[in-house]
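Numbering of ligands and ligand atoms starts at 1, following listing order. Since the model is a prediction, treat every value here as computed from it, not as a measurement.
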Amino acid sequence: MKPKIDQEKCIGCGTCPAIDGEVFEMQADNKAHVKEGVDYNAHQNQIEEAKSACPTQAIEVE
Ligand code: SF4
């Protein structure tokens, strides 16, 4: 399932794109964003890992 990032909570630490750069990317606003058009189900383990690792619990999985 596609993850969501609460932009209010994201502090731009860079952890989630370090875990899975195919799903998460930093953008010019210095916050992480979810890339479009990804087979999210194929990345479920990494998405869960990123969710657990996020220091501000900004990542939500629908
Ligand atoms: Fe933002 Fe959390 Fe990703 Fe860090 S791990 S960039 S705080 S969403």
query = Does Gln46 reach the side chain of Glu22, with side-chain heavy atoms less than 4.5 Å apart?
reply =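 Sidechains of Glu22 and Gln46: no contact.
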
ask   = Is the side chain of Glu49 donor-acceptor paired with the backbone N or O of Asp20 at a distance under 3.5 Å, no angle test?
value =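 Pair absent, no side-chain N/O of Glu49 close to backbone of Asp20.
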
request  = Ignoring hydrogens and angles, tell me if any N or O in the side chain of Lys4 forms a donor-acceptor pair with the backbone of Glu60 under 3.5 Å.
outcome  =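 No, the answer is negative, given that no donor and acceptor are paired below the 3.5 Å cut-off.
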
task = Using the test salt bridge (Lys or Arg N to Asp or Glu O under 4.0 Å), find all partners of Glu8 that sit at least two apart in sequence or belong to another chain.
result =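 Here no residue qualifies.
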
task = Could you count the protein N, O or S atoms found under 2.8 Å away from atom 2 (Fe) of ligand 1?
result =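 Count of protein N, O, S atoms less than 2.8 Å from atom 2 (Fe) of ligand 1: 1.
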
request  = Supply the atom-to-atom distance Ile59 CD1 to Glu48 CD, rounded to the nearest 0.5 angstrom.
outcome  =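 Between Ile59 CD1 and Glu48 CD, I get 10.0 Å after rounding to 0.5 Å.
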
request  = Can you sort out which atoms of ligand 1 are near Gly14, meaning under 4.0 Å from one of its heavy atoms?
outcome  =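 Here the atoms of ligand 1 in question are 4 (Fe), 6 (S).
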
query = With a 3.5 Å cut-off and no angle check, do the side chains of Gln27 and Glu25 form a donor-acceptor pair?
reply =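 Distance-only check passes for Gln27 and Glu25.
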
